[in-house]
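Just so we're on the same page: letters track the sequence lines, and every chain starts at 1. Small disclaimer: the values here were computed from a predicted structure and weren't measured.
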Number of protein chains: 2
Amino acid sequence: MIIVSTDGSCLHNPGGAIGWAWVNHAGGSASGGAPSGTNQIAELRAVLAAIEAHPGSEPLSVESDSIYAIKCASEWLPNWRRNGWRTSSGGPVRNLDLIRRIDQALTERPGPVRFRWIRGHVGDFFNEQADALAGAAAREARAAAAGTTDPSAEPVTGR
Amino acid sequence: MIIVSTDGSCLHNPGGAIGWAWVNHAGGSASGGAPSGTNQIAELRAVLAAIEAHPGSEPLSVESDSIYAIKCASEWLPNWRRNGWRTSSGGPVRNLDLIRRIDQALTERPGPVRFRWIRGHVGDFFNEQADALAGAAAREARAAAAGTTDPSAEPVTGR
RNA sequence: AGACACCUAAUGAA
DNA sequence: TTCATTAGGTGTCT
């Protein structure tokens, strides 16, 4: 069973630079950023990246402190596919592009994927590591957008 | 012309503690609470309290962000009195006791009363003040019901 | 079907 | 403290 913690960050939500990251509990991590977004987009991107980075048949457990991201990817997704992507109050589902990419990634992965919510800010080691990576990625994205830094852009993969 | 903003609150609607409040634009306010109810009951109690607290002949304008409360007290009330308190779909009118108390308060007041709907959550000063008072009253009622606080119960009147 | 309101929850930030 | 992002629900009427 592969276990991966994810987290997203958004500086000055909404509209600020965003960053996301995943950390495999057995080792390995990755992060990425974009010049603008929302906290929810960052959380969803983290989940999507975690799934895509761990293909194969081995069961995968994705952990996030975002109930929004966890429920989007698990319990709400099937309902939305059935009802034409409508919210309970009749409006359109937000961030639909990302949610559909998660849906597709789940369909394409031969092995099962589980989603688990973990509370944030209570000292969970891997959550805090993902948090730090996501925050750093967001700050890099902000600097890159400001043209302040060397353009060594985008996804960084760690050991 | 006396202008009074009203608001109601219900924690964990339905069934939670409720609070209600009115705020006179010229100064003065009051609030009260009960251990259980619905959001609509809280809104109706707020307008009832506002009417009863402002007797006399001077025209009174009652403002609320609840279309339900405003229409109950104005356009629906006369129809319901005529038709035996039946809803348009044939069912019984809910919260009838409160609605009849509002009817009576209106009848007894020598001066005219107007009802005006104002949109919520758009920064209206008096609406927000009433909202804060109603929320505080609901929280007090919950604490009192839990026996957590000193029993300095019920209606609070402000300057 | 529409409208308004009342919440609940988690996260992200300033 | 206060703001935003998002979802789920109920209370009530027409």
Side-chain angles (χ1 to χ4, degrees), chain A residues 6-20 37-44 46-47 64-77 79-80 85-96 98-99 117-122 127 130-131 134-135 138-139 142, chain B residues 6-20 37-44 46-47 64-77 79-80 86-96 98-99 117-123 127-128 130-132 134-135 138-139 142:
Chain A
T6 72
D7 200 23
S9 162
C10 177
L11 311 178
H12 210 105
N13 183 48
I18 62 174
W20 57 90
T38 69
N39 63 322
Q40 315 285 40
I41 289 172
E43 303 279 7
L44 290 175
V47 168
S64 167
D65 60 22
S66 165
I67 284 189
Y68 170 73
I70 292 293
K71 294 202 169 176
C72 276
S74 52
E75 68 180 69
W76 295 336
L77 227 171
N79 298 338
W80 288 337
W85 307 96
R86 288 276 134 194
T87 217
S88 79
S89 50
V93 170
R94 307 289 179 155
N95 307 320
L96 188 49
L98 272 173
I99 290 166
W117 176 73
I118 54 159
R119 173 151 245 127
H121 319 114
V122 292
N127 174 253
D131 181 67
R139 262 160 263 272
R142 176 169 61 183
Chain B
T6 71
D7 200 22
S9 163
C10 177
L11 309 178
H12 212 110
N13 184 48
I18 64 174
W20 59 89
T38 71
N39 63 320
Q40 316 286 41
I41 290 172
E43 303 280 6
L44 291 176
V47 327
S64 167
D65 61 19
S66 166
I67 286 188
Y68 170 75
I70 291 294
K71 294 203 168 178
C72 274
S74 52
E75 65 181 70
W76 296 337
L77 224 173
N79 298 338
W80 287 338
R86 287 277 135 192
T87 215
S88 82
S89 51
V93 168
R94 304 286 181 157
N95 306 321
L96 187 49
L98 271 174
I99 290 166
W117 176 74
I118 56 160
R119 172 150 241 125
H121 317 115
V122 293
N127 174 254
E128 293 197 350
D131 181 66
R139 261 159 260 273
R142 177 171 61 183

Between B/W20 and B/A134, is there a donor-acceptor pair closer than 3.5 Å when you use the side chain of the first and the backbone of the second?
-> no
With a 4.0 Å cut-off (strictly under) to non-hydrogen atoms of chain A, the first and last hit nts on DNA chain D, 5' to 3', are D/dA4 to D/dG9
Is any side-chain heavy atom of A/Y68 less than 4.5 Å from a side-chain heavy atom of A/L44?
-> yes
Which heavy atom in B/E128 sits nearest to a heavy atom in B/G123, and how many Å separate them?
-> OE2-CA, 3.1 Å
For the residue pair B/N95 and B/Q40, what are the closest heavy atoms and their distance?
-> ND2-CB, 4.0 Å
Scan A/S64 against the nucleic acid and name what it touches under 4.0 Å (heavy atoms): base, sugar-phosphate only, or nothing.
-> nothing
Quick one: does B/E43's side chain get under 4.5 Å of B/D7's, heavy atoms only?
-> yes
How is A/T87 classified with respect to the nucleic acid when contacts are heavy atoms under 4.0 Å: base, sugar-phosphate, or nothing?
-> sugar-phosphate
Pairwise side-chain contact, A/R86 with A/V93, heavy-atom cut-off 4.5 Å (strictly under) = no
Take the C1' atoms of the five end pairs on each side of the helix from C/rA1-D/dT14 to C/rA14-D/dT1, get both axes, and report the angle to 10 degrees.
-> 20°
Scan nucleotides 7-14 of chain C nucleotide by nucleotide, 5' to 3', and note B when protein non-hydrogen atoms come under 4.0 Å of the base, S if they reach only the sugar-phosphate, - if neither.
-> SSSSBBSS
What one should report as the nearest heavy-atom pair of B/S64 and B/I70 is CB-CD1, 3.7 Å
Between A/L77 and A/W85, is any pair of side-chain heavy atoms under 4.5 Å apart?
-> yes
